[in-house]
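Chain letters run A, B, ... following the sequence lines, proteins first, then strands; residues in each count from 1.
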Protein chains: 2
Amino acid sequence: MSKIIPVHNESKKESISKNAAKLFRKKGFSATSMRELAVDIGVEASSLYNHIGSKSELLQIICFKVANDFINQINELEQFEIGVTSKLEKIIRFHIHKMLEDYDMVYVANHEWKHLQEPFLKNFLNQRKLYESKLIEMIKLGISEKSIKKLNPEVLTFTILSAVRGLEFWQQHKKNIDIEELEKTMVTQLLTGLIK
Amino acid sequence: MSKIIPVHNESKKESISKNAAKLFRKKGFSATSMRELAVDIGVEASSLYNHIGSKSELLQIICFKVANDFINQINELEQFEIGVTSKLEKIIRFHIHKMLEDYDMVYVANHEWKHLQEPFLKNFLNQRKLYESKLIEMIKLGISEKSIKKLNPEVLTFTILSAVRGLEFWQQHKKNIDIEELEKTMVTQLLTGLIK
DNA sequence: TTACAAAACTAACGCTTATTCGTTTTTAAT
DNA sequence: ATTAAAAACGAATAAGCGTTAGTTTTGTAA
């Protein structure tokens, strides 16, 4: 008989969730079976149900962990008394760090949330919308302060979000570039453009 | 008895593929059943197999249709005798148009390609890599010509690609903004930045 | 009208799915 | 060593999956 062995001091539920995130990212939520997850952990599928309620619950844990992390970060940031563009820079850098550190979970939250069941689906989308509107308000403030170009604030926001959410590309190129260069390039490009 | 009725002069296979793209986008490839697709078309599941070989083939049709469209466009563009930044602008605008016109197919090609079977999976990824390297070369040329800032060319490329691939966000905001403003904002932001 | 091909149908196949059940093993505290 | 809880197991369930086979209906052209 094998055992579910959590690393460090995380709970077994967390341990299973991280394993699930890895598989959900690689194969997608629907294409990942509980049996595969069990094999990956080294246990029988039925044993998992001593620790979790359902496959769906695993997706919930992953998605809301990520959503909360981002919401918390932007809430903290709002307290700071710094300029809008500095805040944007901090947000971009946070996205980069998060994506590189919790790759599997962030990827799954970004790509597999549609498989959440109600009421979690609505809940998740609300949190996302909240995050987006905080960012939009930030940009609008920048425009009114004349530190940001007078362009459509929603488009500006979604372009930034799309760019940082696309950082999953970078897992495969990780070795060829260091994080500081990655951050510098993206911040520069998104804030000041690529044309000289 | 119902019938598969293709619109315009497209084949029944194309008609089924478009329907499939719609469902694959909404629910994901794995979570979409052939029976659901059949209901959506108004026919029995088994009837579909008079026109297509397999569920997997539908995904192939969708992914390679999109991949070819993008490869063709960048090949055409390479002939043009215009500056690097003008080419980049044209590419960004093409992505925007494609995403708005063939939303379902482009979305599926971007998000569900991992469910392609070999050898199609490798094939698809090769085509994507080819497209990306053409773009990277373009940017490198711009840097050597000093029209583009001396930043990491790969990062610059993937940031642009991520931003335009993220245009799926815009399906839900379609009504609130016109395409020309969307294009202008994105081109300006990606090329010249958002800071005044 | 007859004949043939295209495309629909119903029924079923074998397989996989998430999950549950009852039981046994392991772990940890007394 | 005894006991109770935690966590593993194997087997089973009902539902759903992609796909196939055989048959019937439909559309088309002679």
Between [options], which one does the side chain of [X] approach most closely?
X     : options               : answer
B/R35 : D/dC9, D/dA12, D/dC17 : D/dC17
A/A45 : D/dA7, C/dT17, C/dT19 : C/dT19
A/S33 : D/dA7, C/dT19, C/dT17 : C/dT17
A/H51 : D/dA7, C/dC9, D/dC17  : D/dA7
A/E44 : D/dT19, D/dA8, D/dC9  : D/dC9
B/S46 : C/dC9, D/dT19, D/dA7  : C/dC9

Legend entry - Under-4.0 Å salt bridge between A/R25 and A/E168: no
Inset, instruction - Tell me yes or no: between the side chains of A/K149 and B/T192, is some donor less than 3.5 Å from an acceptor? - result: yes
Inset, instruction - State whether the distance check finds a donor on one side and an acceptor on the other, under 3.5 Å, for side chain B/N50 versus base C/dA6. - result: no
Nearest-Å distance for atom pair [atom1]/[atom2], residues [X] and [N]:
X     : N      : atom1 : atom2 : answer
A/Y49 : D/dG10 : OH    : P     : 17 Å
A/L48 : C/dT17 : CG    : C1'   : 14 Å
A/E57 : C/dA18 : CD    : P     : 15 Å
A/K12 : D/dA5  : NZ    : C1'   : 12 Å
A/K55 : C/dT17 : NZ    : P     : 9 Å
A/I52 : D/dA7  : CD1   : C1'   : 14 Å
A/E36 : C/dC15 : CD    : P     : 18 Å
B/K13 : C/dA6  : NZ    : C1'   : 15 Å

Inset, instruction - Using only side-chain N and O atoms of A/S47, determine if any of them is under 4.0 Å from OP1 or OP2 of D/dA7. - result: no
Inset, instruction - Compute the ring centroids of B/F24 and B/Y107, then answer whether they are less than 6.0 Å apart. - result: no
Inset, instruction - Just call it for A/T32: base, sugar-phosphate, or nothing, with non-hydrogen atoms closer than 4.0 Å on any strand. - result: sugar-phosphate
Legend entry - The single option from B/H95, B/H97, B/E89 passing side chain to side chain donor-acceptor pair (under 3.5 Å) against B/R93: B/E89
Inset, instruction - Might you point out which heavy atoms bring B/I91 and B/Y131 nearest each other, and give the distance in Å? - result: CG2-OH, 3.7 Å
